[in-house]
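The structure appears below as structure tokens.
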Amino acid sequence: MADTPIKRALVSVTDKTGVVEFVKALEDEFGVEVISTGGTARVLEEAGVRVVPIEQYTGFPEMMDGRVKTLHPKVHGGLLARRDSPEHMAEAEAHGIGMIDLVCVNLYEFEKTVAKPDVTFDDAIEHIDIGGPSMLRSAAKNAVSVTVVSDPADYDEVLATMRQNDGCTTLELRRYLQLKVYDTTAAYDAAIAEYLFDRYAEDFPEQVADDEPEADGSVAPDEFGLYLSKVEDLRYGENPQQSAAIYRFADDFAELGSSASPLVGAEQVQGKPLSYNNYLDADAAWNLVREFDGPACVILKHQNPCGSAVAEDITTAYDRAFACDPKSAFGGIIACNREVPFDLVEHAFDENGQFVEVIIAPSYTPEALERMAKRPNLRVLATGGAAGHARLELRSVDGGVLVQCVDSVSEDPATFTCPTERKPTPEEMDELMFAWRVCKGVKSNAILVSKGKAGIGMGPGQPNRVDSALLACQRADEACERMGVEKGGYACASDAFFPFRDNVDVLAEHGVTCIIQPGGSKRDDESIEACNEHGIAMVFTGARHFRH
């Protein structure tokens with residue numbers, strides 16, 4: 001079937017960006033008859049565009065506060081009739097139904113409405129668009145003949161195509177616009193369903209139970225819709241040859257895919273746009289620093305916490321985190337779980353001269369912001385809070401998506417066991433819990449050596465655990481030399497069990513006095529024996545924290 005020129009269009013939009021210019025071009029350049037509704041018709045008429053009111057076209061008045069205006073056979077028959085079917089065209093002629101060749105429609109802003117803190121349920125319901133999605137779906141179903149425009153961003157391309165094709169659009173363009181429509185209506189319906197889900201969850205617990213956490217805390221429904229809205233294109237991905245973008249979870253998945261204070265959604269107070277790698281590192285740092293209740297700071301580089309500490313105040317926590325490894329801190333990410341004051345910024349940038357890609361925290365004092373403004377390229381993110389974690393995380397693999405519950409250190413120390421002759425002192429146990437939380441953020445195979453609640457030695461991502469242990473101890477010794485403190489007296493955390501006793505021997509040689517690890521190896525007895533020989537207290541958690 002050959003493309004035919006567009007002769008009649010129906011225009012009804014909520015977002016009126018560019019609609020006057022678009023419709024004027026349709027009318028002035030191509031002689032298109034324009035049917036319009038309500039507020040859209042008024043805007044077009046005031047701009048001097050000739051329109052046919054919908055009630056004049058259908059012979060039926062808009063009614064019920066505008067709920068019924070385009071739900072009419074003269075509208076949907078004109079959209080759905082197959083132009084290549086003699087029977088369809090004869091029926092249309094018999095009933096006085098003219099063909100509508102182009103539909104320009106976008107929908108009531110339901111998501112913006114329900115995001116308002118003072119929105120009422122009645123107002124939310126009134127913002128469920130009925131006529132708009134119906135027209136979009138009818139037009140898109142008949143894309144072989146009908147051009148359907150749901151996004152103002154497509155106005156220019158539609159006009160350009162018509163100019164190149166004597167007032168016609170191409171089937172290729174109509175197919176593209178068809179796909180865009182069904183993507184739009186699917187996301188729209190999902191947003192409505194999610195709003196009603198939240199509204200009715202207490203009223204119909206059995207009906208919504210499939211999406212609630214299981215007894216073990218897992219969430220794994222048989223299926224769920226995943227809708228994302230683009231935040232922005234990124235300059236490139238991990239490497240310059242890779243294109244990339246950052247997306248935000250739509251409302252239907254936000255409660256599972258986001259925490260109360262997520263990275264994507266944080267206010268960027270200043271600085272250059274974040275890169276792909278900035279997002280990855282900032283996410284890892286932000287997730288880790290929220291493991292701590294007290295003031296905590298994490299300095300992260302290439303997905304690993306090169307500095308980490310807790311203290312009585314956030315500035316001291318930063319000072320101690322920076323001291324862990326100043327060299328690696330260069331070009332890293334700073335994450336704090338408390339408001340950032342001026343003195344922290346002064347220490348970081350004036351005293352330490354630290355180059356920082358991103359700093360992320362719940363908030364900043366005005367004085368801190370004023371000082372950071374002197375570094376205009378520094379990316380400053382304010383999340384508004386630091387509580388909690390998301391429930392699910394997703395990773396793409398070829399052909400699908402892996403979904404798992406987000407890992408956090410939630411195990412109860414009362415359930416830990418100590419199989420060694422020497423038991424950890426209360427002070428050692430406190431130190432071990434600090435090391436255990438930081439170790440969760442280190443790439444596996446992970447060893448974390450701490451002293452004074454500062455992660456001074458890290459062994460990340462080695463193919464065997466004993467190399468990770470050796471690397472962590474060497475870094476811990478270097479940190480002690482640099483800080484002028486005595487070596488040894490270390491606590492050590494391992495994200496998974498020790499397969500051989502050589503791990504313990506290496507740790508003992510460098511002054512580790514207590515160890516925390518999951519346990520569960522076939523050779524646990526050998527590691528226990530080694531600890532007893534060296535006078536090391538070792539705690540088994542029964543839980544591991546791999547991070548690949």
Side-chain angles (χ1 to χ4, degrees), residues 288 291 303-305 308 407-425 427-451 453-480 487-548:
L288 181 54
E291 285 289 343
Q303 292 283 288
N304 283 296
S308 53
D407 187 28
S408 62
V409 178
S410 58
E411 43 270 20
D412 183 358
T415 65
F416 296 171
T417 59
C418 181
T420 54
E421 295 171 357
R422 192 174 79 77
K423 311 304 178 187
T425 66
E427 293 76 17
E428 284 179 323
M429 193 65 214
D430 201 27
E431 186 74 27
L432 287 172
M433 287 307 301
F434 167 82
W436 186 234
R437 287 187 170 90
V438 177
C439 190
K440 188 212 77 167
V442 180
K443 287 285 191 177
S444 187
N445 285 324
I447 296 290
L448 192 285
V449 171
S450 73
K451 184 172 184 174
K453 294 187 180 176
I456 59 173
M458 175 185 61
Q462 301 305 304
N464 66 78
R465 195 162 295 276
V466 72
D467 281 352
S468 292
L470 182 59
L471 181 59
C473 289
Q474 289 172 342
R475 288 181 169 176
D477 288 345
E478 291 169 2
C480 287
K487 298 179 185 178
Y490 303 143
C492 171
S494 172
D495 67 346
F497 62 66
F498 292 152
F500 303 101
R501 68 164 286 162
D502 52 2
N503 294 273
V504 176
D505 293 331
V506 167
L507 296 171
E509 182 181 348
H510 287 269
V512 168
T513 64
C514 54
I515 295 170
I516 188 167
Q517 59 131 318
S521 168
K522 292 180 179 180
R523 294 182 173 84
D524 274 346
D525 288 345
E526 295 178 14
S527 295
I528 295 168
E529 181 181 355
C531 283
N532 289 335
E533 290 176 9
H534 297 294
I536 293 174
M538 183 163 62
V539 172
F540 285 173
T541 66
R544 78 177 188 199
H545 291 287
F546 275 160
R547 182 167 175 261
H548 288 104

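- Side-chain atoms of Arg547 come within 3.5 Å of backbone N or O of Gly441 as a donor-acceptor pair.
- Residue Leu507 comes nearest to Cys492 through the heavy atom pair CD1-SG, 3.6 Å, listed as atom of the first residue, atom of the second, then distance.
- Contact check for Cys473 versus Tyr490: no side-chain heavy atoms found under the 4.5 Å cut-off.
- Rounded to the nearest 0.5 angstrom, Met429 CE and Cys418 SG are separated by 8.5 Å.
- Annotation: side chain of Ile528 is not in contact with side chain of Phe498 (no heavy-atom distance under 4.5 Å).
- Taking 4.5 Å as the limit, some side-chain heavy atom of Cys480 sits within range of a side-chain heavy atom of Ile456.
- Annotation for Ala469 and Ile447: closest pair N-CG1, 3.7 Å, computed over non-hydrogen atoms.
- The backbone N or O of Gly461 sits nowhere less than 3.5 Å from a side-chain atom of Asn445 that would complete a donor-acceptor pair.
- One finds the OG atom of Ser450 at 12.0 Å from the CZ atom of Arg437 (value rounded to the nearest 0.5 Å).
- Residues Ser308 and Leu288 have side chains not in contact (no heavy-atom distance under 4.5 Å, counting atoms from C-beta outward).
- Proximity of Asp430 to Lys453: side-chain heavy atoms (C-beta onward) are separated by under 4.5 Å at one or more points.
- With Asn304 contributing its side chain and Lys443 its backbone, the two residues share a donor-acceptor pair below 3.5 Å.
- Side-chain N or O atoms of Asn532 include one that pairs as donor or acceptor with a backbone N or O of Glu421 at under 3.5 Å.
- Looking at Gln462, its side chain does come within 3.5 Å of a backbone N or O of Pro460 through a donor-acceptor pair.
- Taken from NZ in Lys423 to CD in Glu428, the straight-line distance is 12.5 Å, to the nearest 0.5 Å.
- The closest side-chain heavy-atom distance from Met433 to Pro413 is below 4.5 Å.
- Legend: residues meeting salt bridge (Lys or Arg N to Asp or Glu O under 4.0 Å) with Asp407, ordered by chain and number and at least two apart, are absent.
- Distance alone, capped at 3.5 Å, is enough to place a donor-acceptor pair between the Asn464 side chain and the Asp467 backbone.
- Side chain of Gln517 to main chain of Phe540: no donor-acceptor pair is present (N/O by atom type, distance under 3.5 Å, no hydrogens or angles).
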If you apply the rule side chain to side chain contact (heavy atoms under 4.5 Å, CB included), what do you find for Leu470 with His510, and how did you get there? CA-CA 9 Å; Leu470 182 59; His510 287 269; 3.9 Å; yes

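- In this structure, Phe434 and Gly455 approach most closely via the heavy-atom pair CE2-N, 3.6 Å.
- Checking side-chain atoms of Asp495 against main-chain N and O of Cys439 turns up no donor-acceptor pair under 3.5 Å.
- Using a 4.5 Å heavy-atom threshold, the side chains of Arg465 and Asp502 count as separate.
- Residues forming a salt bridge (Lys or Arg N to Asp or Glu O under 4.0 Å) with Arg501 (at least two apart in sequence, or on another chain): Asp505, Glu533.
- A donor-acceptor pair under 3.5 Å is absent between the side-chain atoms of Arg544 and the main chain of Pro518, judged by distance alone.
- Taken to the nearest 0.5 Å, the CZ atom of Arg422 stands 7.0 Å off from the SG atom of Cys514.
- Separating the NE2 atom in His534 from the OG1 atom in Thr420 is a distance of 12.5 Å, to the nearest 0.5 Å.
- Of the possible donor and acceptor atoms, one in the side chain of Lys451 sits under 3.5 Å from a partner among the backbone N and O of Gly488.
- Glu411 has its side chain within reach of Phe416: a pair of non-hydrogen atoms, C-beta onward, lies under 4.5 Å apart.
- Taking all atoms of both residues into account, the shortest heavy-atom contact from Gly520 to Phe497 is C-CD2, 3.9 Å.
- With rounding to the nearest 0.5 Å, the separation of CD1 in Ile515 from CD1 in Ile536 is 4.5 Å.
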